[in-house]
Amino acid sequence: MGEHGLGVGRHLVLKMLDAVGPCSQQTLSEELRIDRSVMVGLCDDLQQAGHVRRERNPRDRRSYAVTITDTGRQRLIEAEASIPLFLDGTFHTLTPDERRQLAALLSKLLGI
């Protein structure tokens with residue numbers, strides 16, 4: 001992700017916004033389990049890069065809705081395309097069965 005200017009947190013924010021549409025920073029923080037103060041920094045960075053925009057939330061004028069931009073969507077597509085190669089390089093020492101076992105264990109830990 002670093003190659004595309006995205007860390008894990010920024011990637012997760014863009015991915016969620018692309019999937020569900022505009023969200024408040026509080027919703028992003030809660031759903032992605034990222035501390036609220038960290039989320040502010042992530043959204044600041046993404047906005048500065050032109051990947052998201054903040055607008056008044058039409059349902060609650062006290063909050064802001066964070067929305068992915070076309071630039072952010074393109075950056076997400078580029079980053080997502082690099083994931084399989086990254087995972088292959090990271091887990092190359094594991095057999096396919098070991099990879100499946102690892103995925104199952106991580107899913108169990110995360111409650112997925």
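Along the sequence shown, residues carry numbers from 1. Quick note: numbers below take in every heavy atom, side chains included, and nothing from hydrogens, waters or symmetry partners.
A donor and an acceptor atom, one from each side chain of Gln25 and Arg36, are nowhere located under 3.5 Å apart.
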Kindly determine whether Gln47 and Arg53 satisfy side-chain hydrogen bond (donor to acceptor under 3.5 Å, both in side chains), including the steps that lead there.
-> CA-CA 6 Å; Gln47 184 176 16; Arg53 65 179 180 277; over 6 Å; no
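Annotation: side chain of Cys23 is in contact with side chain of Leu17 (closest heavy-atom distance under 4.5 Å). No side-chain heavy atom of Arg100 sits under 4.5 Å from any side-chain heavy atom of Leu94.
Here the shortest heavy-atom pairing between Leu14 and His51 reads CD2-O, 3.9 Å. When all heavy atoms of Gly50 and Thr71 are compared, the closest pair comes out as O-CB, 3.6 Å.
Criterion: ILVMFWY side-chain heavy atoms under 4.5 Å apart, direct or through other members. Under it, Val8 and Val40 are not part of a common hydrophobic cluster. Under a hydrophobic-cluster definition in which Ile, Leu, Val, Met, Phe, Trp and Tyr are linked whenever side-chain heavy atoms come within less than 4.5 Å, directly or via other members, Val20 and Leu76 are assigned to the same cluster.
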Using residues 83-93 as the side-chain source, report each donor-acceptor pair under 3.5 Å to any protein atom, sequence neighbours left out, with the distance given to one decimal.
from	atom 1	to	atom 2	distance (Å)
Asp88	OD1	Arg99	NH1	3.1
Thr90	OG1	Phe86	O	2.9
His92	ND1	Gly89	O	2.8

Could you give the side-chain donor-acceptor pairs of residues 105-112 under 3.5 Å, partners two or more places apart or in another chain?
from	atom 1	to	atom 2	distance (Å)
Ser107	OG	Ala103	O	2.9

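Gln26 is linked by a side-chain hydrogen bond (donor to acceptor under 3.5 Å, both in side chains) to Glu30, counting only residues two or more places apart in sequence or in another chain. Every side-chain hydrogen bond (donor to acceptor under 3.5 Å, both in side chains) that Ser24 has, sequence neighbours left out, goes to Thr27. For the side-chain contact (heavy atoms from CB on, under 4.5 Å) test, residues two or more places apart in sequence or in another chain that qualify with Thr95 are Asp97, Glu98. Arg56 meets the side-chain hydrogen bond (donor to acceptor under 3.5 Å, both in side chains) test with Tyr64; sequence neighbours excluded. Applying the side-chain contact (heavy atoms from CB on, under 4.5 Å) rule to Ile34 yields the partners Leu32, Val38, Met39, Leu42; only residues at least two apart in sequence or on another chain are considered. Here Asp70 pairs with nothing under the side-chain hydrogen bond (donor to acceptor under 3.5 Å, both in side chains) rule; sequence neighbours left out. Scored by the side-chain contact (heavy atoms from CB on, under 4.5 Å) test, Gln48 finds no partners at all (sequence neighbours excluded). With sequence neighbours excluded, the residues satisfying side-chain contact (heavy atoms from CB on, under 4.5 Å) with Asn57 are Arg59, Asp60, Ser63, Ala65.
The line from CE of Met16 to CG of Leu28 is 5.0 Å long, rounded to the nearest 0.5 Å. Taken from CG in Leu46 to CZ in Arg54, the straight-line distance is 9.0 Å, to the nearest 0.5 Å.
Within a 6.0 Å sphere centred on CD of Gln101, other residues, nucleotides and ligands contribute 12 heavy atoms or fewer.
Applying the side-chain hydrogen bond (donor to acceptor under 3.5 Å, both in side chains) definition to pairs two or more places apart or across chains, those involving residues 12-23 are Lys15-Glu80, Asp18-Arg73.
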